[in-house]
Amino acid sequence: RLMKVLITGATSGIGWQLAHDYLDEGHDVIAVGRKPQALAVLKDKGAKVLALDLTDRQATLDGLAGLGPLNLAILNAGTCEYLDMPDFDSAAFIRVMRANVESMAISIEGVLPCLIGCEGARLVGVASAAAYLPLPRAEAYGASKAAIRYLFDTLDITLARQGVAVSTVFPGFVKTPLTDKNDFAMPMQLSAQDAARYIRRGIDKGQRHIHFPKAFTWTLQLLGLLPQGLWRRLAKRIIKA
């Protein structure tokens, strides 16, 4: 069935690919982003576009108001900055939390009225496999994605009575302009096309947790089950290496 789909972070990476994929299938797409040229391309392809800074609460709520019923909202916008100890950069930490968590909360407030009451409505939040366990240098990024994991797991419970299904996405490394800045090896890295395919397949199956690639994400989840002291020793060895 054709759907009305809203995607944040639609002007780059996974969001860009998702927007194109849903448009190619004939869905009604609302693309939210901050890059004018990318928004223009999506508009020419048939999307409704919204240029929004999602950390601006009032502008975002005003921009999302009046969209009408939504079948699917994929909240994908976010950023990443790594911290190098012992220089804890609180400004960087705040930037990441604002871009990843605060903007997510604002977006949820904006889209929920459009989802509630719509048959088959689903809210999707993009977290990261980094949410599974503490990783060196990921103090800001990992904390933001762990917050999203908790938030969406809670929403999965609290929105059930409103008829809104909830999914959380836990990608491994995906080749995007954001990960192109990384200065370390990224095992099992996927293309944005593959990532979008995994996400859409998981949504179609109604999965609560969508994680990929499985070999990578299962490994992190298993490591996350280790006694904290054992993982702490392993992580210290990673840092020394």
Side-chain angles (χ1 to χ4, degrees), residues 6-10 12-15 18 32-34 52-57 60-61 64 73-85 88-112 115 122-160 162 164-174 176 178-179 181-182 195 199 202-203 207-212 216-217 220-226 228 231-232 235:
L6 179 138
I7 304 167
T8 68
S12 183
I14 295 173
L18 285 168
V32 182
R34 294 194 295 176
L52 293 173
D53 176 355
L54 297 176
T55 63
D56 185 329
R57 180 175 180 271
T60 297
L61 295 181
L64 297 177
I74 304 176
L75 307 185
N76 162 76
T79 191
C80 179
E81 293 187 51
Y82 294 107
L83 304 184
D84 292 299
M85 296 300 107
F88 187 91
D89 186 348
S90 63
F93 189 93
I94 290 167
R95 283 194 301 271
V96 172
M97 295 302 284
R98 283 198 72 203
N100 292 357
V101 181
E102 186 175 327
S103 71
M104 182 74 78
I106 294 168
S107 300
I108 291 168
E109 183 179 0
V111 301
L112 263 185
L115 292 167
R122 182 170 294 273
L123 175 67
V124 180
V126 178
S128 166
Y132 291 137
L133 75 169
L135 297 168
R137 300 183 70 201
E139 290 85 353
Y141 182 73
S144 73
K145 296 302 186 177
I148 291 170
R149 177 186 185 182
Y150 184 97
L151 171 60
F152 274 75
D153 279 351
T154 305
L155 290 172
D156 180 48
I157 298 168
T158 55
L159 290 177
Q162 280 70 44
V164 178
V166 175
S167 297
T168 315
V169 181
F170 300 90
F173 290 110
V174 178
T176 68
L178 199 60
T179 57
K181 300 176 183 178
N182 288 348
I199 292 170
I203 291 171
Q207 294 176 347
R208 291 178 55 252
H209 286 180
I210 302 167
H211 59 98
F212 55 86
F216 181 73
T217 54
L220 290 187
Q221 289 182 70
L222 289 171
L223 289 172
L225 295 175
L226 292 174
Q228 191 175 53
W231 170 244
R232 187 168 176 267

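Here the structure is a predicted model, which means the values were calculated and not measured. If you read the sequence from its start, that first residue is 1, and numbering goes on from there.
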Problem set entry | Identified side chain to side chain contact (heavy atoms under 4.5 Å, CB included) counterpart of Leu75 within the set Val32, Ile108, Leu54, Val126 | Ile108
Exercise. Is a side-chain donor or acceptor of Ser167 paired with a backbone partner of Gln207 at a separation under 3.5 angstrom?
Worked result: yes
For this session: Over 60° means perpendicular and under 30° means parallel, so classify the ring planes of His209 and Phe170, tilted if in between.
Result: perpendicular
Exercise. Rounded to the nearest 0.5 Å, what separation is found between the CZ atom of Arg149 and the OG atom of Ser144?
Worked result: 13.5 Å
Exercise. With Arg137, which residues qualify under salt bridge (charged side-chain N to carboxylate O under 4.0 Å, His left out), at least two apart?
Worked result: Asp84, Asp183
Exercise. Which distance, rounded to the nearest 0.5 Å, do you find between the CG of Leu223 and the OH of Tyr132?
Worked result: 12.5 Å
Seminar exercise, completed: CD of Glu109 to OG1 of Thr60, rounded to nearest 0.5 Å, is 10.0 Å
For this session: Please report the shortest heavy-atom distance between Leu115 and Arg122, naming the atom on each side.
Result: CD2-O, 3.9 Å
Problem set entry | CZ (Phe88) with more than 12 external heavy atoms under 6.0 Å | yes
For this session: Could you grab the distance from atom CG of Leu155 to atom CG of Leu112, nearest 0.5 Å is fine?
Result: 7.0 Å
Exercise. Shortest non-hydrogen contact from Gly13 to Thr176?
Worked result: CA-CG2, 3.8 Å
For this session: Could you tell me which non-hydrogen atom of Thr8 sits nearest to which non-hydrogen atom of Ala77, and how far apart they are?
Result: OG1-N, 3.1 Å
For this session: Please name all residues satisfying salt bridge (charged side-chain N to carboxylate O under 4.0 Å, His left out) with Glu139, sequence neighbours left out, ordered by chain then number.
Result: none
